[in-house]
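Since we're looking at a predicted model, the values are computed, not measured. Hydrogens, waters and symmetry mates are skipped; everything else that's a heavy atom, side chains included, is used.
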Amino acid sequence: MNRDQFRGASRHIKGRAQTALGGVTGDPARQVRGAVNQVAGGAQYAYGAARDRAEDLARDGRHLAHAARECADDLIEDGRRYAGEARRRGEAYGRRAVRYADANRTSTLLGLVATAFALGWLARPSR
């Protein structure tokens, strides 16, 4: 409960007391002042409650933004780790392919010729 809620509730109670006392004593001016204090106290209490809720939402929003940033940082770190692993695997696969091609030049050349022929045959307009 914040200051506005406390003051609003106390003003509302004061207004109810004034209205009741004005009714008992037959003083209409006191009854009107009591009704005004009741309405003003209720409005001040509602303002305090809304302000309190807005502060809660702002605090929750900051918490959610912090959590989202932590998740994003974790995802970025995971992405970097996976990208590094993929690069290392690609380099290792490329080195093995080059070593195989150097060790087996004839079969590599025949494989390239067969691939070029197949691509040319697939690309020609009429089959």
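- At a threshold of 4.0 Å, the pair Asp102-Arg99 does not count as salt-bridged, since none of the basic side-chain nitrogens sits closer than that to a carboxylate oxygen.
- For the atom pair OG of Ser107 and CG of Leu112, the computed distance is 9.5 Å after rounding to the nearest 0.5 Å.
- The CZ atom of Arg89 lies 10.5 Å from the OH atom of Tyr82; values are rounded to the nearest 0.5 Å.
- The local environment of CZ in Arg16 is sparse, with at most 12 non-hydrogen atoms from other residues, nucleotides or ligands closer than 6.0 Å.
- If you take CG on Leu122 and CZ on Phe117, they are separated by 9.5 Å, rounding to the nearest 0.5 Å.
- Of all heavy-atom pairs spanning Arg30 and Gln18, the tightest one is CG-O, 3.5 Å.
- Side-chain contact between Arg7 and Arg3 is present, with heavy atoms from C-beta onward closer than 4.5 Å.
- One distance of note links CZ of Arg11 with CG of Asn37; it measures 5.0 Å at 0.5 Å rounding.
- Salt bridge status for Arg88 with Glu85: present, with a side-chain N to carboxylate O gap under 4.0 Å.
- Ion pairing between Arg59 and Glu55 fails under the 4.0 Å rule for side-chain N and carboxylate O.
- Rounding to the nearest 0.5 Å gives a distance of 10.0 Å between CG of Leu57 and CG of Leu64.
- For the residue pair His12 and Gln38, the shortest heavy atom distance occurs at ND1-O, 3.1 Å.
- In this structure, CG in Leu75 is found 12.0 Å from CD in Glu70, a value given to the nearest 0.5 Å.
- The two residues Ala49 and Gln5 come nearest to each other via the heavy atoms CA-NE2, 3.3 Å.
- By the salt bridge (Lys or Arg N to Asp or Glu O under 4.0 Å) test, Arg81 pairs with Asp78, sequence neighbours left out.
- Side-chain contact check for Tyr45 versus Met1: some heavy-atom pair is nearer than 4.5 Å.
- A donor-acceptor contact shorter than 3.5 Å links the side chain of Asn2 to the backbone of Gly48.
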